[in-house]
Amino acid sequence: MKKYNPHMIESRWQTYWDKNDCFKATEDKNKEKYYLLEMYPYPSGKIHMGHVRNYAIGDVVARYKRMKGFNVLHPMGWDAFGMPAENAAIENNTHPATWTYDNIDYMRSQLKSMGFSYDWGRELATCKEDYYKWEQLVFLKMFERGLAYRKKTFVNWCDKCQTVLANEQVVDGCCWRHTDQKVELKEMDSWFLKTTEYTKELLDYCDNLPGWPDKVLTMQKNWIGKSQGAIIKFPVIDYDYTVEVFTTRQDTLFGATFLCFAPEHPMVKKMTRGTDQQDKVDAFIEKTLKIDTFMRTADFTAKEGLFTGRYCLNPVTNEKIPIYIANFVLYEYGTGAIMAVPTHDQRDFEFAKKYDLPLRLVIKPEDSEIVEDQMEEAYVGEGILVNSDQFNGIKNRDALEKIGDYLEDKGMGYRTTNYRLKDWGISRQRYWGAPIPVVYCERCGVVPVPEDQLPVVLPLDLDLKEGGKSPLSYEASFYETPCPKCGQKARRETDTMDTFVESSWYFDRFTSPRYDSGPFDKEKVLYWMPVDQYIGGIEHAILHLLYSRFYTRVLRDLGYLEIDEPFTNLLTQGMVCKETLKCEKHGYLFPEQVKDGKCIYCGAEVEVGPSIKMSKSTKNVLDPQKLIEKYGADTVRMFCLFASPPERDLEWNDEGVEGSWRFLNRVWRIVTENSDNIKNSNRCENFSSLPPYLKDMYRKIHLTIKKVTEDIEERFHFNTAISAIMELFNKISQLINSEKELNESDWSVVKEAVENMIVLLNPVVPHISEELWRELGYKSSLVEFSWPQHREEFLEKETCVIVIQVNGKVRSRMDAPVSLNKTEMENMALSDERTRKFIEEKAIKKVIVVPDKLVNIVI
RNA sequence: GCGAGAGUGGCGGAAUUGGCAGACGCACUGGACUUAGGAUCCAGCCCGCAAUGCGGAUAGGGGUUCAAGUCCCCUCUCUCGCACCA
């Protein structure tokens, strides 16, 4: 008997699929298309378990859909621009391009060794000219339409990255890549994409994506952050300016006793210029801007502010109220200034108490009294308006409307909707990215590079300096260029685009990756898009997915696409977790640094920590390469799918992998040891003449087909699909290993069972199943094979086990013919001897009968 | 603080519509085969007890129901997201 040798088998089948172009996708209008996409990886060096899991999940679906007869597009590529390439290049004295392409080559070979069914002919890398050229073109089109623009703003600056970060890339006040690096505010010129042009659509369509997890949609909605309220105008006294504030609580307007500006608001300096307060105000602004936004606005940071020396009029009370600047007011949100109602807003309350500002109650709870002097916190509940002139006595909910109307009537303001979503800052002061195709000319200003001069090529031969600014800004051969308009000496933009721009349309490019007359071939993109199933990590729930939704709309409005949403269905898989090992002296340890529970360096007892996301920093990682070398790709794929359903975290367990390995060995053995008998027997023709135990086996075959199909199709629950196949396997193995000699009809049913088992296993473990399929005498590959369809008539049973309960407790079971009516079942249960013991002489109150399942006798 | 999700044996997890809780796998225990077993096969494996049976058990408490892991209410714990957003 041949031993199961995964490496031999796997490389043989990988070569076969490759040579025969098995996964090559071509447009075919007669077939239903299915575009399956997993989030493409950043070529960081080698694949990690997260990739393996993500791509194993995707591959099951791709292979399954293909067997189901769909025209499947399943591409793979590389998110190839980005900072790690630059950092690694400086560290290792290589070029980012060399580093990136080397990594791509190695990672491609790793993905190939996993046997994923990609159409490798469509592979793309975003760092190549023929990719970013089209991104630059789209940028120019956006510029023409005002969807890309330049402005001076306060930007998030990471000193370690030496670049600007998008708001989305700031996590807890720190850089998303350097969690120990505080982000500073820096005023800079930057390019923005006008995501806010589509705010409403992006929000509304969240209710139009039934195939997305609610969690992700909620996160997107929160990020967009819709709030309804009003803009209210407060005229400044003795100064020609009217402050506009946004509020959601116009019902509390009569209680607005002061105003607060964000310190960096440009009006603050203007209003205080030449006044006594100027110096103090300037100092306060400077001080506040040194503190990053997170710290400044953290809930543990005390409210701080300063009087500007100016007053304005509360438009409804006509009272003179002071204008402050305050650290807790955000310049980016609303109008950058607020009306402060200390009685009904906790922040305003704290501020007023600190600076001794007046409190006026304007909402009173219906069943109690509040006195301003005795308030210890703001009253934020519902109530009745007081101290509000003609609005006194009405409920504050109604006052929202009424005061809104009043403001509009009097021209003091208007109702509006405000969103938290801001425009997307895409400028990065980095080298390894797509150049922004514009030129700055002293005469002509900002001049877009003409389309026929694209691409603006990222130069490869230049010096990379450690730290500091982007090398492009030192490279005269790059930035020196004649102005496209007037021909005079001009300077090229040296910033590059955020890499999220590339990932906002790579899925479109996959439909025609070699197309050279535009971003993509319209006919092909119309055929394939949208992506039917997108699979990736939850960590992209906001950034990547929101940008992609935005970019899709831009491409639609530019005439490239005819769809609104890029991804019809989204599956967010959980993280791969493993326990951590920690030594008191040496910190986190790799498993090989621990022997017999002791640290190999100091012999100290190693603490086994909780299972958390695999990460290099906590050293609880596992190199998939080693697993593939030890067990082969099929075992690794199988364990990843078997250990938990995809959306949940996967708890890594070394012994569990052994289990998958043993299962595949058992399958191998039972098929190879019995292949002659299986090959030489005929398919079972006459079901009704089979003895009961074979009918039972037949039923199991069809039950398994049904279960596996439903688990993959409806829920992506591969773990239960695999366990169903294991049950079928156990049943086959019991029959074959039983004492008796197998006869002809036994073998005919075994043939049916084994063949179906192999086909059902194919999407999960494609190599071993192909090999065993051949072992059974089939010449063609399972790639060509159709997914089996269960037959209802084989699921039907002649008898079933009925559970008999007395007062809800299981007391007995009986075998009964199926489809008895309720009375028959009841009578049968009542005549059951074991059941009678529990009923004794007691009166029966009620009998509940669930057909073919259960009888519950209530006494 | 707000929002969402989760809590089931020693472990990963099943139970899809309210109908036998613990499928499948791991670990563990015993046995067979064996020079050997970290291979393979067979058996056992939620807890308690007066043990062929009975009782208890799905974070804890209460409720609805003939029947609750599943539905409702309260409490606790954990995870994730947001967090002075006016």
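Everything numeric in this text was worked out from a predicted model, so none of it was measured.
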Could you work out which one of A86(B), C24(B), G13(B) sits closest to the side chain of Glu727(A)?
-> C24(B)
From Glu579(A) CD over to Glu651(A) CD, what is the distance, rounded to the nearest 0.5 angstrom?
-> 9.0 Å
Could you check which nucleotide pairs with A36(B) in any of the strands shown, counting Watson-Crick or G-U wobble with both distances under 3.5 Å?
-> none
Nucleotide paired to U52(B) in any strand shown, Watson-Crick or G-U, under 3.5 Å = none
So, do Ile232(A) and Leu407(A) sit near enough that their side-chain heavy atoms are less than 4.5 Å apart?
-> yes
Distance-only donor-acceptor test (3.5 Å): side chain Lys707(A), base U16(B) | yes
Considering only side-chain heavy atoms of Glu651(A), which listed nucleotide, G12(B), G81(B), A86(B), is closest?
-> G12(B)
Counting any heavy atom closer than 4.0 Å, what does Gly659(A) reach on the DNA or RNA strands: base, sugar-phosphate only, or nothing?
-> sugar-phosphate
Can you find a heavy atom in the side chain of Leu203(A) that is under 4.5 Å from one in the side chain of Lys221(A)?
-> yes
Which base sits across from U17(B) as a Watson-Crick or G-U pair, both distances under 3.5 Å?
-> none
Of the candidates G12(B), A86(B), A14(B), the side chain of Thr720(A) sits closest to A14(B)
Sugar-phosphate, base or nothing in reach of Asn327(A), heavy atoms under 4.0 Å | nothing
For A27(B), does either OP1 or OP2 sit under 4.0 Å from a side-chain N or O belonging to Arg662(A)?
-> yes
For residues Phe258(A) and Phe351(A), establish whether the separation of their ring centroids is below 6.0 Å.
-> yes
Would Asn418(A) and Ser227(A) count as having a side-chain donor-acceptor pair, cut-off 3.5 Å?
-> no
When you check the phosphate oxygens OP1 and OP2 of A83(B), does a side-chain N or O of Arg420(A) lie under 4.0 Å from one of them?
-> yes
State the pairing partner of A68(B); accept Watson-Crick or G-U wobble contacts with both distances under 3.5 Å, and report none otherwise.
-> none
Could you check which of A27(B), G19(B), C84(B) has an atom nearest any side-chain atom of Asn856(A)?
-> G19(B)
Under 4.0 Å between any heavy atoms, over every strand shown, what does Val847(A) touch: base, sugar-phosphate, or nothing? Just pick one.
-> nothing
Nucleotide forming a Watson-Crick or wobble pair with C80(B), both distances under 3.5 Å = G3(B)
Taking for each residue the nucleotide of RNA chain B bearing the nearest heavy atom, is the 5' side occupied by Asp649(A) or by Ser660(A)?
-> Asp649(A)
Would you mind classifying the nucleic acid contact of Val858(A) as base, sugar-phosphate or nothing, using non-hydrogen atoms under 4.0 angstrom?
-> sugar-phosphate
Considering only C84(B), C54(B), A21(B), which nucleotide approaches the side chain of Val810(A) most closely?
-> A21(B)
Can you check whether Arg648(A) has a side-chain N or O nearer than 4.0 Å to OP1 or OP2 of A14(B)?
-> yes
Pairing partner of G44(B) (Watson-Crick or G-U wobble, both distances under 3.5 Å) | C28(B)
To the side chain of Lys846(A), which of C66(B), A14(B), A86(B) is closest?
-> C66(B)
